[in-house]
Amino acid sequence: MTTLTVKIESLEDTMARAVSVVSQSDSAVMEDPAVTLSFPSWEVMHRVLAPKRLDILKVLVGQGPLSIREVARRLGRDFEGVHTDVDTLVQNGVVDKTKGGIVFPYERVHFDFDIRAAA
């Protein structure tokens with residue numbers, strides 16, 4: 001099962017994880033690296049993955065390519081609003097746009113972050 005893990009982490013943490021994956025690829029046995037989408041803050045994550053955009057991902061999870069019109073139909077939303085949300089998801093690397101339609105190549109989304117008290 002292919003899972004996209006969504007994290008809130010600093011740029012330094014993201015870079016350290018990337019270095020670890022690259023150095024691990026040099027070893028003979030490499031663990032299956034998790035596909036991760038990182039955001040620097042809750043606010044940025046929420047801006048990109050707003051509730052209506054998460055609804056789009058729910059429609060796309062485990063599906064093949066779907067047209068924006070089909071996604072809008074399944075959600076009961078207007079085409080323009082879904083198109084705008086899909087553009088945001090594409091620009092932020094969450095979904096891919098192909099000739100066949102919109103693709104989200106994961107079967108599951110996992111959110112991995114902590115919420116701490118404000119400073």
Side-chain angles (χ1 to χ4, degrees):
M1 178 180 293
T2 309
T3 301
L4 173 66
T5 300
V6 178
K7 292 185 172 192
I8 296 173
E9 63 183 357
S10 68
L11 179 59
E12 292 80 18
D13 290 341
T14 302
M15 295 304 292
R17 190 168 33 79
V19 168
S20 173
V21 168
V22 169
S23 65
Q24 190 180 43
S25 68
D26 292 336
S27 64
V29 179
M30 182 177 160
E31 293 177 28
D32 187 23
V35 180
T36 304
L37 179 62
S38 296
F39 294 96
S41 69
W42 167 265
E43 292 78 18
V44 173
M45 183 193 74
H46 192 266
R47 199 172 324 130
V48 174
L49 297 177
K52 287 186 177 186
R53 293 183 187 135
L54 284 176
D55 289 342
I56 292 170
L57 295 186
K58 289 177 192 174
V59 167
L60 294 172
V61 166
Q63 301 292 307
L66 294 175
S67 70
I68 294 175
R69 192 163 307 285
E70 176 60 17
V71 172
R73 186 193 68 74
R74 290 184 185 191
L75 291 171
R77 290 182 55 199
D78 67 286
F79 175 84
E80 277 190 42
V82 173
H83 188 277
T84 300
D85 285 340
V86 165
D87 280 346
T88 298
L89 293 170
V90 168
Q91 290 170 6
N92 286 279
V94 181
V95 299
D96 296 319
K97 203 173 206 177
T98 67
K99 289 181 182 179
I102 305 308
V103 178
F104 184 69
Y106 308 103
E107 297 169 348
R108 192 173 90 127
V109 179
H110 172 75
F111 290 85
D112 182 14
F113 57 87
D114 296 321
I115 298 175
R116 297 184 184 139

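One is the number of the first residue; the rest follow in order along the sequence.
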Which heavy atom in [X] sits nearest to a heavy atom in [Y], and how many Å separate them?
| X | Y | value |
| --- | --- | --- |
| Thr2 | Pro105 | CG2-O, 3.9 Å |
| Arg74 | Val59 | CD-CG1, 3.8 Å |
| Leu60 | Phe104 | CB-CB, 3.6 Å |
| Thr88 | Asn92 | O-ND2, 2.8 Å |

Item checked: Leu66 and Ile102: CA distance, side-chain angles, deciding distance, side-chain contact (heavy atoms from CB on, under 4.5 Å) verdict -> CA-CA 5 Å; Leu66 294 175; Ile102 305 308; 5.5 Å; no

Check: Would you find a donor on one side and an acceptor on the other, under 3.5 Å apart, between the side chain of Arg53 and the backbone of Arg47?
Finding: yes

Checklist line | Backbone N/O of Gly100 and side chain of Thr98: donor-acceptor pair under 3.5 Å | finding: yes

Spacing of [atom1] belonging to [X] relative to [atom2] belonging to [Y], to within rounding of 0.5 Å:
| X | Y | atom1 | atom2 | answer |
| --- | --- | --- | --- | --- |
| His110 | Leu4 | NE2 | CG | 10.5 Å |
| Leu37 | Lys7 | CG | NZ | 11.5 Å |
| Lys58 | Gln63 | NZ | CD | 14.5 Å |
| Leu75 | Glu70 | CG | CD | 9.5 Å |

Checklist line | Thr3 vs Glu107, side-chain contact (heavy atoms from CB on, under 4.5 Å): CA-CA, chis, key distance, verdict | finding: CA-CA 6 Å; Thr3 301; Glu107 297 169 348; over 6 Å; no

Margin query: Before you tell me yes or no, could you show the steps for Leu57 and Leu89 under side-chain contact (heavy atoms from CB on, under 4.5 Å), namely the whole-Å CA-CA distance, both residues' side-chain angles and the distance that decides it to 0.1 Å?
Written below: CA-CA 9 Å; Leu57 295 186; Leu89 293 170; 4.3 Å; yes

Note to self: salt bridge (Lys or Arg N to Asp or Glu O under 4.0 Å), that's the test. Do Arg77 and Asp55 meet it? Break it down for me.
What the structure shows: CA-CA 11 Å; Arg77 290 182 55 199; Asp55 289 342; over 6 Å; no

Next item on the list: Measure the acute angle between the ring planes of Phe113 and Phe111, then classify it against the limits of 30° and 60° as parallel, tilted or perpendicular.
Entry: perpendicular

